[in-house]
Amino acid sequence: MKLFIDTGNLKEIESLVPLGVVDGITTNPSLLARERGDPRDILKLICRLVQGPVSAEVLASDAEGMVREGRDLATIDEHIVIKVPFTREGVKACKALTGDGLRVNVTLVFSPTQALLAAKVGATYVSPFVGRLDDISTSGMGLVEQIVEIYDNYDFATEVLVASVRHPLHVVEAARMGADVCTCPAAIFDAMFKHPLTDIGIERFLKDWEKARPAGV
Ligand code: E4P
């Protein structure tokens, strides 16, 4: 399973990319609005750092505007993936943009039927928002399970990108279900690295070594 960072923050990206575990980035208007500077410059720098797919979202709500914005976003860097919201207009825009040979991430997906329609118009990625579904007492991972099953039944090429991830267990479940990508905030990556028994183990090994082999022996 590919791991993306869900962020627009360059420092977070700079600290995680050298570890070799990051395959791409997802941004959204809320994330980019938190950062200082021109969003286009930020996206350009992100692409340079990651050298993998970087989702950049359109703001227009009509298909024509989405296509115009999407084509423009694609000129920032070859790694840009155009993110469009799942609406009738978004589906129409996805069809036009993929027809141009551009990659599209259909976002704000909350039902299996939305995912099916996104796949039919050639979306590169579909993004079910698991945390936001959990927030309203609906199983986000249950949705991912249904999408994976539907896509497998018909060999759709669209990749399932698990989004709105809130804890490492979402990542575990996504991987067990065979999702293609999981996009996680930097804090989730930090949590995935940590285990108290690893820290205790290292400490104990070093202590035992010092006890048995006093300095210089
Ligand atoms: C994914 O592409 C979205 O940017 C993101 O995962 C949304 O997460 P949130 O529900 O925590 O805002």
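Read the numbers this way: they start at 1 and go in the same order the structure lists the ligands and their atoms. The analysis underlying the following values was restricted to heavy atoms, covering all of them including side chains, and did not include hydrogens, waters or symmetry mates.
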Top protein contact for [atom], by heavy-atom distance:
| atom | answer |
| --- | --- |
| atom 2 (O) of ligand 1 | K83 NZ, 2.6 Å |
| atom 4 (O) of ligand 1 | N28 ND2, 2.6 Å |
| atom 8 (O) of ligand 1 | S164 CA, 3.4 Å |
| atom 7 (C) of ligand 1 | F129 CE2, 3.5 Å |
| atom 11 (O) of ligand 1 | R166 NH2, 3.5 Å |
| atom 5 (C) of ligand 1 | D6 OD2, 2.8 Å |

[X] side chain vs [Y] backbone, donor-acceptor pair below 3.5 Å:
| X | Y | value |
| --- | --- | --- |
| Q114 | F110 | yes |
| Y151 | A115 | yes |
| T98 | C94 | yes |
| E69 | L59 | yes |

Could you walk me through whether H170 and V162 pass the side chain to side chain contact (heavy atoms under 4.5 Å, CB included) test, one step at a time? CA-CA 9 Å; H170 276 148; V162 178; 5.5 Å; no
Could you tell me whether some N/O pair between T183 and ligand 1 is separated by less than 3.5 angstrom?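 Checking ligand 1 against T183, no N or O pair falls under 3.5 Å apart.
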What about T27: any of its N or O atoms under 3.5 Å from an N or O on ligand 1?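 There is no such contact.
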Before giving the answer on side chain to side chain donor-acceptor pair (under 3.5 Å), spell out for T183 and T26 the whole-Å C-alpha distance, their side-chain angles and the decisive distance to 0.1 Å. CA-CA 7 Å; T183 187; T26 50; 2.6 Å; yes
Does any part of the side chain of T7, heavy atoms only, come nearer than 4.5 Å to the side chain of I13, both counted from C-beta?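 Touching, per the 4.5 Å side-chain cut-off.
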Any atoms of ligand 1 less than 4.0 Å from a non-hydrogen atom of [X]? List them with their elements.
| X | value |
| --- | --- |
| A163 | 1 (C), 6 (O) |
| R132 | 7 (C), 9 (P), 10 (O), 12 (O) |
| T26 | 2 (O) |

Please name the pair of heavy atoms, one in T124 and one in R103, separated by the smallest distance, quoted to 0.1 Å.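 Minimum heavy-atom separation between T124 and R103: OG1-CA, 3.3 Å.
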E57: heavy atom below 4.0 Å from ligand 1, yes or no?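 Judged by the 4.0 Å heavy-atom criterion, E57 does not count as contacting ligand 1.
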